[in-house]
Amino acid sequence: MAIAIKTGIVTGVIALAEGIAVGRSFSMFKHYHIDGNKEMIAIGMMNIVGSCTSCYLTTGPFSRSAVNYNAGCKTAVSNIVMALAVMMTLLFLTPLFHYTPLVVLSAIIISAMLGLIDYDAAIHLWKVDKFDFIVCMSAYIGVVFSSVEVGLVIAVAISLLRVLLFVARPKTFVLGNIPDSRIYRNVEQYTNTCNVPGVLILEIDAPIYFANSNYLRERITRWIDEEEDRIKSSGETSLQYVILNLTAVGNIDTSGISMIDEVKKTIERRGLKLVLANPGSEVMKKLNKSELISKIGQEWIYLTVGEAVGACNYMLHTSKPEGTLKDESADSTWNV
C-alpha cells in the first residue's frame, strides 16, 4: 500500500509538471494564457475518469502536442479524430506496422518537434542573461538525450540553485553622491559620483537571513578595510561614520539582527559610528523588539541616505557630542 501511494504521488507530480510545462511552451507559440490550476484540475479529472476504464496515466505529452501543432490543429476536436484513428489502427492496421523500425516512428515525431525550436529566443537569452541561457540549454539537452521529465527537473534544479545563490550572496555596494544633488547611487554604475569625506555609505540589496548574515558581516568589514586603505593612500579625511542603506532589505530574521549588532560592535571598536538609513516597517519592528534600536540610538536612524549624510557632516564640522545630535536633527529621525 505504501509503495503504491509513493509511486502514485511521484507519478502524479511528474505528470502535472510535464503537462503544465508543455502547455506553457505551446502557449508561447500561439500567444494564449495558460492557467496552471485549471490545467491541474483538468489532468486530474481526466485520470480519475480514465482509471474507471483501465486507461493509461495521461498528461499533456510533448510529442503528440508537437504533431498536432505542426498539423495545424486548432481545437480539441483533433483529439477525438486522433483517438478514432488510433483505435482503428490498433484494431485493423497493427500488423502492417509490425516490422516498421522504431527509428521511422521517432523520425516522425522529431520532424514535428524541430519546428518548435526557437533559435532567436535562445540567442536573445544569451545576450540578456547568460544564466537563463544555461537553464534553457540544460533543459534542452535533458529532453533530447533523456526525457521531458529529466529536462524539467534539471531546469528547475538550476533555477533553484540560482535563487539560493542570490539569497546566500546578496549584492552589496558603495554609494556615492551625484554632484549638485542629494541623490546617492552605486559608484560602479554612476562613475561621476563623489565620495563623502569621512563617511562610507553601503547598500544591502536583499533581505537579511541566516543564510547570508555571515557573508554580509564579512563583506561589510571588507568594505570598511578597503575604504580605510584608500583614505590612507589618498590622505583624505579619516573615516568616522558607516551608513547602511536598508532600503532593499524587506525583511530580517534573528540572525540578521545579530549580524547588525556584531557589525556595530566591530565598527565601534575601530572608533567609528554605525548609522542606519531607511529601514522598512517590518525591519523596524524587529529591531525595536530586539532592543537593537536602543543600542544604536534612535538619533542614528534616518529616513533617507541624504538625511543621514547631512547629520554625519553636521557632526564632523561641529564636533559636538553624540548625545546632542538628537536635538539638532529631530525632524529627520524615526519615531519608534
Side-chain angles (χ1 to χ4, degrees), residues 167 170-175 177 182-184 196 198-225 227-228 239-336:
V167 173
K171 292 183 179 179
T172 58
F173 42 83
V174 178
L175 300 182
N177 176 243
R182 298 191 67 183
I183 300 174
Y184 296 83
V196 181
V199 181
L200 173 62
I201 310 170
L202 301 176
E203 180 169 338
I204 300 175
D205 195 24
I208 304 176
Y209 298 119
F210 71 94
N212 58 24
S213 58
N214 289 331
Y215 170 79
L216 289 174
R217 182 179 62 252
E218 295 172 0
R219 194 71 187 94
I220 291 171
T221 303
R222 199 180 311 147
W223 279 120
I224 296 173
D225 292 338
E227 180 67 11
E228 289 182 337
L239 185 63
Q240 299 292 327
Y241 298 94
V242 177
I243 299 175
L244 289 184
N245 183 17
L246 304 181
T247 302
V249 180
N251 206 340
I252 188 172
D253 63 1
T254 54
S255 298
I257 295 174
S258 299
M259 182 275 293
I260 294 179
D261 191 19
E262 292 176 8
V263 168
K264 172 183 174 298
K265 294 177 182 178
T266 302
I267 288 176
E268 289 179 348
R269 284 196 294 268
R270 297 187 177 202
L272 309 177
K273 186 65 182 178
L274 176 65
V275 183
L276 302 183
N278 196 24
S281 59
E282 189 67 25
V283 175
M284 283 296 296
K285 288 179 183 177
K286 294 185 178 180
L287 292 180
N288 187 34
K289 291 180 180 179
S290 64
E291 299 182 354
L292 184 58
I293 289 181
S294 60
K295 296 180 182 179
I296 298 175
Q298 294 187 26
E299 67 273 18
W300 295 106
I301 303 177
Y302 291 87
L303 290 169
T304 65
V305 175
E307 292 177 352
V309 172
C312 294
N313 284 332
Y314 175 80
M315 291 298 298
L316 287 172
H317 289 88
T318 59
S319 300
K320 291 187 177 183
E322 295 178 0
T324 62
L325 181 60
K326 183 176 180 180
D327 297 331
E328 298 290 343
S329 57
D331 294 338
S332 299
T333 58
W334 282 84
N335 293 320
V336 181

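These numbers come from a predicted model, not from an experiment.
Partner of Ile220 under the side-chain contact (heavy atoms from CB on, under 4.5 Å) criterion, chosen from Leu244, Asp225, Thr172: Leu244.
Atom CG of Leu216 sits about 10.0 Å away from atom CZ of Arg219, to the nearest 0.5 Å. Summarising the geometry, atom CG belonging to Leu272 is positioned 6.0 Å from atom CD belonging to Glu228; distances are rounded to the nearest 0.5 Å. Note that CD of Gln240 is 10.0 Å distant from CE of Met315, once rounded to the nearest 0.5 Å. Interatomic distance, CD1 of Ile267 versus CG of Leu200, reported as 8.5 Å (0.5 Å rounding). If you take CG on Asp205 and CG on Asn245, they are separated by 9.5 Å, rounding to the nearest 0.5 Å. We find the OG1-CG distance between Thr247 and Asn278 to be 4.0 Å, quoted to the nearest 0.5 Å.
Between Ser255 and Phe210, the shortest heavy-atom contact is OG-CB, 3.4 Å. The two residues Val167 and Ala211 come nearest to each other via the heavy atoms CG1-CB, 4.4 Å. Across all their heavy atoms, Leu239 and Gly198 have their closest contact at CD1-O, 3.7 Å. Heavy-atom minimum distance, Val275 versus Tyr241: CG2-CD2, 4.3 Å.
Between the side chain of Asn251 and the backbone N or O of Glu282, no donor-acceptor pair lies under 3.5 Å. A donor-acceptor pair is defined here as one N or O able to donate and one able to accept, closer than 3.5 Å; such a pair exists between the side chain of Lys286 and the backbone of Ile252. Remark: side-chain polar atoms of Asn212 are paired, donor with acceptor, to backbone N or O of Pro207 under 3.5 angstrom.
Side-chain contact between Leu276 and Leu287 is present, with at least one heavy-atom pair separated by less than 4.5 Å. With a 4.5 Å cut-off on side-chain heavy atoms, Val309 and Asn177 do not count as touching. No side-chain heavy atom of Met284 sits under 4.5 Å from any side-chain heavy atom of Asn288. Taking the side chain as every heavy atom from C-beta outward, Thr254 and Ser290 never approach each other to under 4.5 Å. Considering only heavy atoms from C-beta on, Ile243 stays 4.5 Å or farther from Leu175 through its side chain.
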Item checked: Criterion side chain to side chain contact (heavy atoms under 4.5 Å, CB included) on Tyr184 and Val196, from CA distance to verdict -> CA-CA 10 Å; Tyr184 296 83; Val196 181; 3.9 Å; yes
Check: What's the verdict on side chain to side chain contact (heavy atoms under 4.5 Å, CB included) for Lys295 and Leu274, showing C-alpha distance, side-chain angles and the deciding distance?
Finding: CA-CA 11 Å; Lys295 296 180 182 179; Leu274 176 65; over 6 Å; no
Next item on the list: Decide side chain to side chain contact (heavy atoms under 4.5 Å, CB included) for Lys171 and Glu203; before the verdict, give the C-alpha distance in whole Å, the side-chain angles of both, and the deciding distance to 0.1 Å.
Entry: CA-CA 8 Å; Lys171 292 183 179 179; Glu203 180 169 338; over 6 Å; no
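Counting heavy-atom neighbours within 6.0 Å of Tyr215 OH, excluding the residue itself, gives a total above 12.
Taking 4.0 Å as the cut-off between side-chain N and carboxylate O, Glu268 and Lys264 count as a salt-bridged pair.
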